[in-house]
Amino acid sequence: QYQHAQQQYQHQQHQQHQQQSQAQAQRGFSFRNRGPSEGPRPKPAFFGQPQANQQPAQASVPEVAHPDDPAAAKETRELLAEMHNMRRNDSAANRKKHFKKLQAKWHPDKCSEDARAVHTLVFQWLQTQKEWFTSEAPASKSLRPGAPEPA
């Protein structure tokens, strides 16, 4: 009886495996490239190494979408002006230190309950600006927030 039950179990496992393989084949799965059959995946570049088709990093002015809340929008506009000024005049190391101070200042857990909504919106907006503000790439000449990068 034990052998018979074991054979049935193995047969069920085999059938399930075949069904999964057929379903994967219908979706275009291939073990060779581990994804839809569109060719092998490109090898990832090592950290800090540019891809072959990648252009050198340049700090462009980020797309600025201020929060809908009027108080939060006012704060983010003031922060953006301050960040533009620092971006042009300060080193990347100083900007990183300043960004940490801004994060601490605007963190929603570090404020009163009535100001939490504004702090949350400003903090979320601040996180979207981190890469642009702290990068070491050349700064943009633009004074106007949201303006396209000069050619």
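- Between Gln124 and Pro108, the closest side-chain pair of non-hydrogen atoms is not below 4.5 Å.
- To the nearest 0.5 Å, atom CZ of residue Arg87 and atom CG of residue Asn85 are 12.5 Å apart.
- In this structure, the separation between CD on Gln10 and CD on Gln12 is 11.0 Å, given to the nearest 0.5 Å.
- Pairing each heavy atom of Arg95 with each of Met86, the nearest pair is CD-O, 3.7 Å.
- Atom CD of Glu82 is surrounded by more than 12 heavy atoms from other residues, nucleotides or ligands within 6.0 Å.
- Within a 6.0 Å radius of CD in Gln3, no more than 12 heavy atoms belonging to other residues, nucleotides or ligands are found.
- With contacts defined as side-chain heavy-atom distances shorter than 4.5 Å, the pair Lys96/Glu136 qualifies.
- When hydrophobic clusters are built by joining Ile, Leu, Val, Met, Phe, Trp and Tyr residues whose side-chain heavy atoms come closer than 4.5 Å, directly or via intermediates, Trp106 is not grouped with Leu121.
- His119 and His107 get closest at one heavy-atom pair: ND1-O, 4.1 Å.
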Is there a side chain to side chain contact (heavy atoms under 4.5 Å, CB included) between Leu126 and Phe133 once you walk through the steps?
CA-CA 10 Å; Leu126 195 58; Phe133 185 64; over 6 Å; no
Step by step, would you call Phe99 with Gln127 a side chain to side chain contact (heavy atoms under 4.5 Å, CB included)?
CA-CA 10 Å; Phe99 191 81; Gln127 294 303 105; 4.1 Å; yes
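- The shortest non-hydrogen separation linking Leu79 to Trp125 is CB-CZ3, 3.9 Å.
- Across all their heavy atoms, Ala92 and Ser135 have their closest contact at CB-O, 4.3 Å.
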Test Ser91 against Lys97 for side chain to side chain contact (heavy atoms under 4.5 Å, CB included), laying out the working first.
CA-CA 10 Å; Ser91 68; Lys97 288 177 189 174; over 6 Å; no
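- Scanning both residues, Leu80 and Gln129, for their nearest heavy atoms gives CD1-OE1, 4.3 Å.
- To the nearest 0.5 Å, the span separating CG on Asn94 from CG on Asn89 amounts to 11.0 Å.
- Here NZ of Lys100 is found 8.0 Å from CD of Gln103. Values are rounded to the nearest 0.5 Å.
- Here the NE2-CD distance, from His11 to Gln16, works out to 11.0 Å after rounding to the nearest 0.5 Å.
- Rounded to the nearest 0.5 Å, atoms OG1 (Thr134) and CE (Met83) are 8.5 Å apart.
- His14 and Gln18 share a side-chain donor-acceptor pair at under 3.5 Å.
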